[in-house]
Amino acid sequence: MDVLKQLLGRLHPLVVHLPIGFIILGLLLQWYDRKTKHHNAVISLIYLWAGTFAILACITGYLQYMGEGYSFDTVKWHLWAGIATAIFSFVMYYKVKGSKAFAPISKIPMGILSFIFLFLISFTGHLGGNITHGEDYLIEPLPNSVRSALGFDTYEDKEIALNEDNWSESLIYEDVVAPILNNRCVSCHNPKKNKGELLLDSAEGMLKGGESGETLLAQNAEKSELFKRMNLPVSDEDHMPPEEKTQPSKEELLLIGAWLDAGHPFEGTIGEAGMAKELFEPFFPKKHDFDYPDIEVAEAPIDSINVIKKNNIHVDRISKGTNFLTVSCINDPSFTDADFELLQPIAQQIAVLDLGGTQVTDAIFEKLAILPHLTVLKIDNTQVTGTNIGLLAPSNYLKLINLTATKFQKVHLNALEQFKALKKVYLYRTGIDASGVKTLNNGQIIIDYGDYQLPPIPADTIIY
Amino acid sequence: MKDKIERLIQEKLVREAEVNTRRHFIKSCAQGMGGIALSSIFMGCDPLGKPKTNSSMGFSERDLNPLATLSPPYAPKVKSVIYLHMAGAPSQLEMFDYKPQLQKYDGQDCPQSLLEGKKFAFIKGTPKLLGPQAEFKQEGESGNWVSNFLPHFKKVVDEVAFLKAVNTDQFNHGPAQLFMHTGSPRLGRPSIGAWATYGLGSENQNLPGFVVLTSGGNSPDAGKSVWGSGFLPSVYQGVQCRSKGDPVLYIEDPEGITRDLKKNTIKTINEINKKEYAKYADPEILARINQYEMAYRMQIAVPEVMNINSEPEHIKQMYGVEPGKESFANNCLLARKLVEDGVRFVQLFDWGWDTHGNIREGSIDLGLRNKCREIDRPITALILDLKQRGLLDDTLIVWGGEFGRTPMQENRGNKKMAYKGRDHHGDAFTMWMAGGGIKKGASFGQTDDIGFSAVEGRVSVHDVHATILHLLGFDHEQFTYEFQGRNFRLTDVEGEIIKEILA
């Protein structure tokens with residue numbers, strides 16, 4: 001008998017859809033029929049069926065509540081609303097039929113009754129959905145900003161802010177572990193949802209453990225339920241977070257493991273916990289190490305770009321994520337100093353400029369000085385000697401100059417000394433003796449004279 | 001839904017048209033109206049999947065020139081790739097993966113536990129373990145291991161990052177090479193170079209964007225599909241150039257045809273095409289005009305860039321080139337010249353690394369050593385030459401084979417082989433990368449005591465692809481092409497960027 005009860009109970013999610021369908025059908029038909037009233041007989045029949053199946057839904061619903069161990073608090077509103085819907089179905093049945101059985105009802109206009117009916121079925125259905133899918137089922141996909149505006153808790157807004165200088169002084173739990181757990185776990189393991197009867201939003205909750213017992217084992221990440229579950233293959237049923245949720249990164253996982261191995265301290269700094277720096281490095285702010293400045297710039301005028309392109313000069317954004325441009329004259333070896341005028345309109349946006357193999361001379365340096373964001377300059381295989389190269393020294397961003405196969409003069413090395421941001425200079429095939437200075441400005445600027453040799457060795461000629 | 005089905009039908013028609021283009025074309029021309037049908041068919045073959053309208057004429061630069069440059073979605077670390085593939089699969093155990101323990105077990109039976117459930121190409125029964133046939137030393141500041149088979153390479157060991165535990169599920173050359181270059185062991189997918197040129201175009205308008213150079217006397221077992229364009233427009237397939245004879249077959253004008261006559265011919269053809277365009281306004285006609293012009297320019301530019309004799313003597317010596325012959329050294333020097341001239345992807349294949357021990361050339365202690373000598377100087381020179389010109393900052397070099405080789409001596413047909421050799425083995429083998437965005441001197445992954453399986457840092461072929469695309473400025477999960485109703489990726493549904501070797 002118990003088996004039958006439970007089985008019937010589990011049919012509830014199926015059966016509930018019948019009254020929903022009937023009621024909506026009836027309401028639509030009422031609307032369609034509002035002028036002519038030709039179909040009242042059919043509509044009343046539909047509401048009779050709706051009521052009958054609503055009663056069936058109430059019975060199976062009650063059985064499910066009994067059989068599946070829901071608390072009364074969880075289901076009470078859904079239960080009462082369901083019963084109300086069933087009763088109201090019969091009220092509507094009599095009303096549409098034109099029965100005089102309920103005098104007070106017959107005075108209320110049909111429109112108002114229909115609206116109440118629609119509200120009842122929607123509300124009941126929604127409450128039912130909340131029980132099976134969770135209360136935030138519809139809220140969850142919304143962006144954090146909308147969610148908090150609607151007054152819902154958000155669990156995904158804690159950032160891990162560590163940096164090179166004082167990482168070891170940050171608090172291990174509060175600044176590192178708690179944000180990871182907050183961002184990946186707490187949306188389910190919080191006092192409201194309490195999935196698996198486990199709370200991961202507080203030290204007490206974690207120490208108490210959940211349905212499967214202890215969650216943390218000091219000095220033993222491998223055996224700690226928390227780490228074990230997160231480390232299972234994503235396809236495994238016991239893996240946490242569940243497959244469809246955002247997964248922690250490799251680095252976050254390693255850190256949780258190391259924290260458990262360090263005895264899961266809830267107090268104290270990273271330094272006091274004695275954890276290795278490599279674990280935290282991935283969370284340091286990413287160094288901007290690309291060929292353009294780490295600032296925003298306005299978009300280059302498209303007309304100017306088209307004009308430049310017509311002149312056989314490449315202009316492309318360095319990536320779709322930036323307005324900075326890379327410009328190359330690889331297809332225009334006849335480019336001269338005078339042609340630089342073409343590039344004037346995009347002076348703000350040029351970050352990488354390749355003038356290799358063109359006709360430019362030392363006069364170009366004066367013009368290049370108007371490029372405020374120039375980061376990489378390739379001027380190899382040209383006639384430049386380096387006179388006036390010092391005009392580029394104040395640039396805040398120029399980090400690389402390629403002067404391979406030019407007439408660059410040794411005397412101008414002094415001028416390079418003054419460059420603010422310069423890191424690398426290529427001087428291969430300039431005729432400057434490779435035994436000269438290898439670095440300038442106390443190692444800030446590295447000079448590569450090239451001319452690498454691979455002298456013959458006996459092994460070159462031994463054939464086995 | 002309806003437009004998906006229409007797309008599929010169009011795609012099918014395009015494929016059909018590609019199979020019998022010439023016949024189709026003549027037939028269509030003869031029927032007059034057919035020409036219009038053809039042009040509408042080709043409209044479905046937009047290389048970008050969606051029409052772009054930033055040019056004044058209502059179609060993009062890409063419609064006219066499929067190799068026009070595009071910005072990558074993310075900031076790139078490199079502009080070009082040089083991929084060095086040792087076809088036949090080099091032995092990691094004689095080059096980079098030092099296993100002193102394996103020497104101890106030399107000549108002993110391989111433990112059964114290792115053989116269970118494994119498939120080998122030739123090994124039968126219980127093979128014997130074979131100790132390393134090379135001597136190893138830690139080199140450079142990084143202290144990474146390099147064998148005495150590579151006496152030059154050890155000088156640049158601090159420039160490269162090793163992947164010591166690459167894994168593939170293929171153990172035969174053809175499928176494994178396809179997997180390594182197209183992300184699938186079966187035919188039909190575009191190669192890495194095709195993806196790169198499709199996504200980025202190529203800077204030099206006089207040269208192909210994707211050049212393939214082969215050496216070692218043979219083409220790779222998987223055939224030209226390893227540099228094919230798969231379902232991408234065929235303009236993105238690799239162009240095979242030769243270091244001996246004509247760099248590209250039939251690039252020279254036929255006897256009796258002067259450059260002027262050729263110019264006039266193309267001029268006339270293009271004028272007819274322009275009239276045709278005025279009539280039908282099909283951008284495909286403009287693309288054709290553009291390509292006639294590019295081919296004409298290439299006739300001059302390609303022989304020029306492919307001529308290594310113009311290089312100074314000390315550079316030729318550094319690489320150890322053999323002008324007039326087909327050699328890996330020539331190809332390495334060419335790779336530098338091509339990258340210097342803005343070619344996007346240069347693919348080198350060197351054949352002859354299949355060291356089973358059945359013949360002298362295929363022995364692990366003799367033949368392999370000769371092959372190592374053939375690549376040792378050129379690769380070292382390539383790295384140093386790119387570096388001194390400032391090109392290594394913008395270029396990625398990838399080195400590897402299609403799989404590795406077994407720690408066991410091969411026993412084909414359960415007999416002792418004439419020479420020492422190793423069978424195909426995909427569980428764990430070594431690759432390396434060097435250049436822009438790569439962590440210099442890194443080594444990621446470790447194999448067990450005898451070099452059979454990975455114990456740490458195992459990476460897949462898809463991971464390698466994800467990393468290459470990342471360095472070029474792509475997210476391998478977003479970089480897709482719609483074909484037969486679904487989006488395809490180089491990395492299919494897998495692949496993770498190998499952050500451990502990135503700077």
ask   = Would you call B:Asp393 and B:Lys77 a salt bridge, taking side-chain N to carboxylate O under 4.0 Å as the test?
value = no

ask   = Should B:Lys337 and B:Glu340 count as an ion pair when the cut-off is N to O under 4.0 Å?
value = no

query = Under a 4.0 Å N-O cut-off, is there an ion pair linking B:Asp158 with B:Lys440?
reply = no

request  = Counting only heavy atoms closer than 4.5 Å, note whether A:Tyr449 contacts chain B via side chain, backbone, both or neither.
outcome  = neither

request  = Among B:Glu496, B:Arg389, B:Gln388, single out the residue with the greatest number of heavy-atom pairs under 4.5 Å to chain A.
outcome  = B:Gln388

message = If we define contacts as heavy-atom pairs under 4.5 Å, which of B:Leu366, B:Asn370, B:Thr380 has the most with chain A?
response = B:Asn370

query = If you tally heavy-atom pairs under 4.5 Å against chain B, which of A:Ile462, A:Thr404, A:Asp451, A:Ile463 wins?
reply = A:Ile463

request  = Measure distances from A:Thr322 to the heavy atoms of chain B and classify the residue's part below 4.5 Å as side chain, backbone, both or neither.
outcome  = neither

Structural part of A:Asn312 lying under 4.5 Å from a heavy atom of chain B = side chain

inquiry  = Could you check whether atom CD of A:Glu281 has more than 12 heavy atoms from other residues, nucleotides or ligands sitting under 6.0 Å from it?
reply    = yes

remark   = Closest heavy-atom pair, B:Ser363 versus B:Thr355, reported as atoms and distance to 0.1 Å, is O-CG2, 3.8 Å

message = Only pairs of heavy atoms separated by less than 4.5 Å count here; which of B:Lys155, B:Met318, B:Glu203 has the most with chain A?
response = B:Glu203

query = Of the backbone (N, CA, C, O) and the side chain (C-beta and beyond), which part of B:Lys371 lies under 4.5 Å from a heavy atom of chain A, both, or neither?
reply = neither

key: Interface moiety of B:Arg377 toward chain A, non-hydrogen atoms closer than 4.5 Å   = both

ask   = Checking heavy atoms, do the side chain of A:Asn402, its backbone, both or neither come under 4.5 Å from chain B?
value = side chain

note = Closest non-hydrogen contact found for B:Ile364 with B:Gly421 is CB-CA, 4.4 Å

Note: B:Arg369-B:Asp365 ion pair, threshold 4.0 Å (strictly below) = no

